[in-house]
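Computed from a prediction, not measured in an experiment: that's the story for all the values here. Letters go in sequence order (proteins before strands), and every chain restarts at 1.
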Number of protein chains: 2
Amino acid sequence: MKQKNRRDEIIEVASSLFYDKGFNAISMRDIAAAMDIKAASLYNHIKSKQEILAEIILEVAKEFTAGMESVVVANSSAIEKIEKVIELHIDITVNYSEALAALNNDWMHLEGEDLKSFIKMRDDYEENFRDIIKQGIAANEIKPNHPEVILFSILSSLRTLYIWNQKRGKIDVNILKKDMVSVLINGIA
Amino acid sequence: MKQKNRRDEIIEVASSLFYDKGFNAISMRDIAAAMDIKAASLYNHIKSKQEILAEIILEVAKEFTAGMESVVVANSSAIEKIEKVIELHIDITVNYSEALAALNNDWMHLEGEDLKSFIKMRDDYEENFRDIIKQGIAANEIKPNHPEVILFSILSSLRTLYIWNQKRGKIDVNILKKDMVSVLINGIA
DNA sequence: GTCTATAGGATGATAGAC
DNA sequence: GTCTATCATCCTATAGAC
């Protein structure tokens, strides 16, 4: 286990505050107050407010990228790959619930290389997912609906799972995985 | 009636700016600059920045509420009602695409009665949708998955449709409705 | 590592001239 | 209806004492 230093504590507290109100609504004073110190003291551990945001978002983005890479190279059917992607999202949602708000809503406030890097990871992720769907359609595993509609429908549900998972008492992770796979792949009717 | 034009223009320009960066990242000076006037001039038409936000969000929220009410009272099966809800979201997405960003991401920056009113509309909307799903399960029209998973999966897709609809060239509305109904109700496999 | 003090600039909003 | 000028407050970030 990695020991929790002061810097990590800042990232964690900031994640939680960004979760509620977003990056721009939270000041360095807010973050400091939540840690019972003064804003100036934060700068002994981090370089800027931007750095906090980048830390939060890029860590999770890298998790998604790594997870998707291991799905893509697996020797499985398209449907099995989509099941793996659903499970990946649920695992990350459970482990990084608060960081996901910043990743979803505040990524556009990243700057410079961090912004470019995030956008590339996100686009690559979507492209990989799109390819899986197209392969599934080509192999007659997936119905020939517009691939973009399929991609968007599944990804929207997975990306906003963090909101709903927080709001309503947590369902057991394994039951959640089973039900989401069932609903997203086989439909509700 | 009222001196609507200039005021509506402010709301429209603000919606578009909020769409890109969110309520807190956009200043009154930004809104004014986009209209080629000075920030102080805005206050001849609106009372505060808060008022702009409330106007944007509550107008769309009322559309959703009215639409859901007419679905609820209809004499249809649960699946037919869900189809109507999907069509409602698509229609609103097409007509209010930019306002939906504020509704989804900046509602927590509403204040006082506006905030209370929004939350009540949103909760009532979800409760109506939940009831439709439960009735569908009771009537054996819908598979007995966890109702909350079904509700969340469909609603997530519908609520973030505005992002995807902007990003990728618009598919014809009727094809979009048909495909989304198919994917969300019958699944992809 | 945390503090006080403060720089330097942005912000929402108002007053009053035209 | 729009402008200039301005206020009071907030913001991120730095310097330097302890």
Requested in this report: Kindly write out the residues that satisfy salt bridge (Lys or Arg N to Asp or Glu O under 4.0 Å) with A:Lys81, not counting sequence neighbours, or none if the list is empty.
Outcome: none
Requested in this report: Going 5' to 3' through nucleotides 12-17 of chain C, assign each nucleotide B (protein heavy atom under 4.0 Å from a base atom), S (under 4.0 Å only from sugar-phosphate atoms) or - (no protein heavy atom that close).
Outcome: BBBB--
Report task. Send over the distance from B:Ile37 CD1 to D:dT2 P, rounded to a whole Å. Result -> 5 Å
Query raised in the report: With distance as the sole test, does B:Ser97 use its side chain to make a donor-acceptor pair with the main-chain N or O of B:Val94 at under 3.5 Å?
Result: no
Requested in this report: For the pair B:Arg7 and B:Glu51, find out whether any cationic side-chain nitrogen is under 4.0 Å from an anionic carboxylate oxygen.
Outcome: yes
Report task. Could you state the atom-to-atom distance from CG of A:Asn44 to P of D:dA15 in whole Å? Result -> 13 Å
Requested in this report: Round to the nearest Å and state the distance from A:Asp30 atom CG to D:dC10 atom C1'.
Outcome: 11 Å
Query - Rounded distance in Å - CG (A:Leu42) to C1' (D:dA15) - result: 16 Å
Query - Heavy-atom side-chain proximity of A:Ile188 to B:Ile154 below 4.5 angstrom - result: yes
Requested in this report: May I ask you to decide if A:Lys21's main-chain N or O and B:His109's side chain share a donor-acceptor pair within less than 3.5 Å?
Outcome: yes
Requested in this report: Please state how far atom CD1 in A:Ile10 lies from atom P in D:dT12, giving the value in whole angstrom units.
Outcome: 14 Å
Query raised in the report: Quick one: B:Lys21 NZ to C:dA10 P, roughly how many Å, whole number?
Result: 14 Å
Query - Short side-chain N/O contact from B:Ser41 to OP1 or OP2 of D:dC3, under 4.0 Å - result: yes
Query raised in the report: D:dG1 C1' sits how many Å from B:Asp36 CG, rounded?
Result: 15 Å
**Report entry** Side-chain heavy-atom pair B:Ile133, B:Ile137 within 4.5 angstrom cut-off
**Finding:** yes
Query raised in the report: Rounding to a whole Å, what distance do you find between A:Lys38:NZ and D:dA13:C1'?
Result: 16 Å
